[in-house]
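Quick caveat, the model's predicted, so the values are computed rather than measured. Chain naming here is simple, since letters A, B, ... match the order of the sequence lines and numbering starts at 1 in each.
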Amino acid sequence: MSASCTVNVNKSEKSGTQKLQYCDIQPTIIKSKEFIHPVTVITFDIETTGFSRNLDRIVEIAFQDLSGGENSTFQTLIDPQCYITNSSIHGITNNMVASCGVPRMQELIPIILQFVKSRQKPGGYVLLVAHNARTFDVPFLLHEFSRYSIDIPQDWLFLDTMTLARQLMKLSDSKITKISLEALCEYYGIEVDGEAHRALPDVISLSLILQRLTFDLKLDVSDLVERAFTPLDLINKKKK
DNA sequence: TGCCAGGCCCTCTTTAGGGCCTT
């Protein structure tokens with residue numbers, strides 16, 4: 001994937017994007033090759049106190065804007081306001097999150113919104129990418145936002161790299177047999193820069209994996225947008 | 001009584017079951 005993530009879309013519809021609902025965004029972005037509409041691709045990862053989106057909380061989050069440049073990464077511990085019992089998994093302890101300056105989620109959400117906005121191109125959309133995003137990272141994020149009655153911005157789309165990895169696994173000449181983040185790192189010869197199961201090292205690995213997957217599957221940004229989903233997609237699926 | 005996570009995908013399937021994947 002190129003460093004600059006720009007995709008062609010219909011400029012004439014730009015003025016109407018404020019009224020768009022989640023479900024309308026994808027076709028609008030990928031509609032036409034004649035017009036240019038920017039998409040910012042940001043990978044992200046969370047560490048949590050467990051697997052339950054209802055009972056567990058996020059203890060660390062990291063983002064990386066694939067466009068690069070100054071301030072392209074963002075990482076912070078989060079005070080989950082509950083006892084951490086799985087420190088052996090990620091190494092994040094109760095003492096660490098109790099330290100002065102570690103924000104609670106309600107304090108952090110405006111900062112996350114500001115970070116993403118700072119990376120967003122004027123009039124553009126954001127594609128937030130995570131591994132197992134559909135089942136894990138995004139539902140957790142939605143729960144945290146809804147806990148404080150804050151809406152996910154309508155110009156945010158989400159992409160799950162597990163979907164791309166499954167697609168790669170189906171290719172006849174693919175030698176990949178597992179699609180975990182660890183397995184994909186091993187497959188692509190990516191060395192984890194730092195502790196695995198910490199948000200920033202995992203997000204840096206994910207950025208490299210995303211670039212390799214898009215290359216192997218011959219995808220451009222509009223292809224990624226086509227495979228993206230919105231919070232509304234998850235809510236509607238749950239209702240079915 | 002029912003909850004204790006949940007969606008995707010494959011197969012020994014489709015009126016289902018179980019492994020994978022995330023912390």
Could you list all N or O pairs between the protein and nucleotides 19-23 of chain B that sit under 3.5 Å apart?
unit_1: B:dC21; atom_1: OP1; unit_2: A:I179; atom_2: N; d: 2.6
unit_1: B:dC21; atom_1: OP1; unit_2: A:S180; atom_2: N; d: 3.2
unit_1: B:dC21; atom_1: O2; unit_2: A:N132; atom_2: ND2; d: 3.1
unit_1: B:dT22; atom_1: OP1; unit_2: A:L181; atom_2: N; d: 2.6
unit_1: B:dT22; atom_1: O4'; unit_2: A:N132; atom_2: ND2; d: 3.0
unit_1: B:dT23; atom_1: OP2; unit_2: A:H197; atom_2: ND1; d: 3.3
unit_1: B:dT23; atom_1: O3'; unit_2: A:E47; atom_2: OE1; d: 2.4
unit_1: B:dT23; atom_1: O3'; unit_2: A:T48; atom_2: N; d: 2.9
unit_1: B:dT23; atom_1: O2; unit_2: A:N86; atom_2: ND2; d: 3.3

query = Can you name the residues that form a side-chain contact (heavy atoms from CB on, under 4.5 Å) with A:E195, not counting sequence neighbours?
reply = A:R198
key: Spacing of the C1' atoms in B:dT23 and B:dA5 (rounded, Å)   = 11 Å
request  = With P as the reference atom in both, quote the distance from B:dT15 to B:dC21 in angstrom, rounded to an integer.
outcome  = 27 Å
query = Can you check the A:D56 CG to B:dA5 P distance for me, whole Å?
reply = 8 Å
note = Rounded to whole Å, the CG-C1' distance (A:L164 to B:dC9) equals 15 Å
Gap between atoms CZ and P, on A:F140 and B:dG7 respectively (whole Å) = 13 Å
inquiry  = Could you tell me how far B:dG2 sits from B:dC8 if I compare only their C1' atoms? Round to whole Å.
reply    = 26 Å
request  = Go through the steps to decide whether A:R119 and A:V126 satisfy the test side-chain contact (heavy atoms from CB on, under 4.5 Å), and finish with yes or no.
outcome  = CA-CA 9 Å; A:R119 307 304 304 183; A:V126 178; over 6 Å; no
inquiry  = Using the side-chain contact (heavy atoms from CB on, under 4.5 Å) criterion, which residues pair with A:P139? Sequence neighbours excluded.
reply    = A:R53, A:L234
Determine all donor-acceptor pairs shorter than 3.5 Å in which one atom belongs to a side chain in residues 98-106 of chain A; sequence neighbours excluded.
unit_1: A:S99; atom_1: OG; unit_2: A:N95; atom_2: O; d: 3.1
unit_1: A:S99; atom_1: OG; unit_2: A:M96; atom_2: O; d: 3.1
unit_1: A:Q106; atom_1: OE1; unit_2: A:Y148; atom_2: OH; d: 3.2

task = Using the P atom on both, measure B:dT13 against B:dG18 and round to a whole Å.
result = 12 Å
P spacing across the pair B:dC12 / B:dG19, given as an integer number of angstrom = 14 Å
Return a table of donor-acceptor pairs under 3.5 angstrom between the side chains of residues 178-191 of chain A and protein atoms on other chains or two or more places apart.
unit_1: A:S180; atom_1: OG; unit_2: A:A183; atom_2: N; d: 3.0
unit_1: A:Y188; atom_1: OH; unit_2: A:D216; atom_2: OD2; d: 2.7

note = By side-chain contact (heavy atoms from CB on, under 4.5 Å), A:D56 pairs with (sequence neighbours left out) A:T49, A:S52, A:F140
